[in-house]
Amino acid sequence: MKEIETIHAEGHVICHDITVIIKDQIKDTAFRKGHIVTKEDIPKLLSLGKDHLYVWEKEEGMLHENEAAKILASVCRNQYMKETPVKEGKIELVAECEGVFLVDVERLRKINSLDAMMIATRHTNQAVCPGDKLAGTRIIPLVIEAEKMEAVKEIGDGRPILKICPYVRKKAAVITTGNEVYHGRIQDTFTPVIREKLAAFGVEVIFHETVPDETDQIQAAILRAKESGAQCILCTGGMSVDPDDRTPGAIRDSGARIVTYGAPVLPGAMLVLGYYEDGTPIMGLPGCVMYAAVTVFDLLLPRVLADVEITREEIAGMGHGGLCLGCETCHYPACSFGKGY
């Protein structure tokens, strides 16, 4: 850094915080380290007794924190995101639409392993709404070597490390299984729960049937649901290993490729997830979805509606963070449940 007269400081970068103190009125930072002096700033600086300033002396091969923050943000930013104005060397990214937020965790780790810089994000696989904060970027010092930022660009490789997948599946089918419901012995309290959860994402239920615990009837209802134009098929009930629970077999026999029967998540271990050749997802939902505030269904539904295919490996990874603590007052999604995958 170098010392210059304040009257000649326009366009220079201040190297330290400058405080304003007015007795019984204010004590605050008038100008922060890294601020670029404007013509309008000069009278105020002089009024604070700053006839001279220490400013950053531009060196070949070095970048100011604001320039570096823009590079970090460019490596992160993707469609449906906007940048906040750079402030004190920091840029944040904000969501512009509803959808599922995805992070390339491995490349994020590589960038954060480089010296003197950071990118902080929210967890991957989370549902986001317009205005939600997604990430923040900055370097640690005031200036950084340009070659280090070139290393960031190499990791980015022209592919943003962040992504929002908007919800695209807006029509669902619900198939309620169970002799007790089919024969009117008890009221169906499962389907209303599913309807409510789908409505929160703007999804319309265009097909609903109630069938007994018979494999062929469940399978036939699934095929009718598919023919109805439903973009997502949800089967409720009959998911355990009891002899009368036929839903998993009916889903398999309907032609779906089964990704998993079972998930390392509590509540929700008895989940079935599959896909048809045209990409239509089908889920068999265990009974816990009916009464537990948050289950595996809540973790996977946003991805299903955003048409982000879920793999068996990802299901296996859900065990880390897949234990709901059953808090007396549920704070999901502001809790640990499902954040590990």
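Because the structure is a prediction, the values reported are computed rather than measured.
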Rounded distance (nearest 0.5 Å) linking atom CD1 of Ile251 with atom CG of Leu273 = 9.5 Å
message = Between Thr6 and Asp51 (side chain of the first, backbone of the second, donor and acceptor by atom type, cut-off under 3.5 Å), is there such a pair?
response = yes
query = Sub-3.5 Å donor-acceptor pair from the side chain of Thr295 to the main-chain atoms of Pro267, do we have one?
reply = no
Lys/Arg N to Asp/Glu carboxylate O, Arg224 vs Glu209, below 4.0 Å = yes
task = Sorted by first residue and then second, give each ring pair (Phe, Tyr, Trp, His ring centres under 6.0 Å) pair with at least one member in residues 177-206; sequence neighbours left out.
result = Tyr167-Phe201
Beyond-backbone contact of Thr137 with Cys76, side-chain heavy atoms, under 4.5 angstrom = yes
inquiry  = A side-chain contact here means heavy atoms from C-beta on lying under 4.5 Å apart; do Phe207 and Val174 qualify?
reply    = no
ask   = Within the side chain of Arg77, is there an N or O that forms a donor-acceptor pair under 3.5 Å with the backbone of Met81?
value = yes
Donor-acceptor pair, side chain of Glu96 and main chain of Pro130, under 3.5 angstrom = no
ask   = Do Leu48 and Thr19 touch side chain to side chain, with heavy atoms closer than 4.5 Å?
value = no
ask   = Would you find more than 12 non-hydrogen atoms of other residues, nucleotides or ligands less than 6.0 Å from Lys70 atom NZ?
value = no
Using residues 139-160 as the side-chain source, report each donor-acceptor pair under 3.5 Å to any protein atom, sequence neighbours left out, with the distance given to one decimal.
residue, atom, partner, partner atom, Å
Lys148, NZ, Asp115, OD2, 3.0
Glu150, OE2, Lys153, NZ, 3.3

ask   = Within 45° of the ring axis of Tyr54 and under 6.0 Å from its six-membered ring centre, is that where the NZ or CZ of Lys2 lies?
value = no
request  = Take atom NZ of Lys197 as the centre, draw a 6.0 Å sphere, and report whether it contains more than 12 heavy atoms from other residues, nucleotides or ligands.
outcome  = yes
query = Which residue, Val265, Leu234, Val304, forms the side-chain contact (heavy atoms from CB on, under 4.5 Å) with Phe297?
reply = Leu234
request  = Using modelled atom types only, decide if a donor and an acceptor are shared between the side chain of Asn179 and the backbone of Asp213 within a distance under 3.5 Å.
outcome  = yes
ask   = Any Lys/Arg nitrogen of Lys226 or Asp278 sitting under 4.0 Å from an Asp/Glu carboxylate oxygen of the other?
value = yes
key: Those residues that, when tested against His208, pass ring-ring contact (aromatic ring centres under 6.0 Å, His included) (two or more places apart)   = none
inquiry  = Could you tell me if the side chain of Glu65 sits less than 4.5 Å from the side chain of Val86, heavy atoms only?
reply    = no
task = Please step through side-chain contact (heavy atoms from CB on, under 4.5 Å) for the pair Ile310 and Ile315, ending with a clear verdict.
result = CA-CA 7 Å; Ile310 302 162; Ile315 294 291; 3.8 Å; yes
message = With a 3.5 Å distance limit and no angle check, can you tell me whether Arg303 reaches the backbone of Glu309 through a side-chain donor-acceptor pair?
response = yes
ask   = Judged by modelled atom types alone, do Thr189 and Tyr291 share a side-chain donor-acceptor pair under 3.5 Å?
value = no
ask   = Less than 4.5 Å apart, any side-chain heavy atom of Pro212 and any of Thr177?
value = no
ask   = Is there a side-chain contact (heavy atoms from CB on, under 4.5 Å) between Val203 and Cys232 once you walk through the steps?
value = CA-CA 10 Å; Val203 177; Cys232 173; over 6 Å; no
ask   = Are more than 12 heavy atoms from other residues, nucleotides or ligands located less than 6.0 Å from atom CD of Glu3?
value = yes
remark   = Distance col, row Leu325:CG vs Cys335:SG, nearest 0.5 angstrom, shows 7.5 Å
ask   = Can you tell me if NE2 on His52 sees more than 12 non-hydrogen neighbours from other groups inside 6.0 Å?
value = yes
query = Has the side chain of Glu40 got a donor or acceptor atom that lies under 3.5 Å from a matching backbone atom of Thr38?
reply = no
key: Close side-chain approach of Ile7 to Leu46, heavy-atom, < 4.5 Å   = yes
request  = Establish, for the pair Lys44 and Phe31, whether the NZ or CZ atom is under 6.0 angstrom from the six-membered ring centre and no further than 45 degrees off its axis.
outcome  = yes
message = Tell me whether Lys170 at atom NZ has more than 12 heavy atoms from other residues, nucleotides or ligands lying less than 6.0 Å away.
response = yes
request  = Determine whether Ile164 and Val128 make a side-chain contact, defined as any pair of heavy atoms from C-beta on separated by less than 4.5 Å.
outcome  = yes
inquiry  = Treating Glu314 as the side-chain partner and Thr311 as the backbone partner, does any N or O pair qualify as donor plus acceptor under 3.5 Å?
reply    = yes
query = Between the main-chain N or O of Tyr275 and the side-chain N or O of Arg257, is there a donor-acceptor pair closer than 3.5 Å?
reply = no
message = Donor-acceptor check, side chain of Arg122 to backbone of Lys133, threshold 3.5 angstrom: yes or no?
response = yes
query = Side-chain contact, heavy-atom cut-off 4.5 Å: Ile233 with Met283?
reply = no
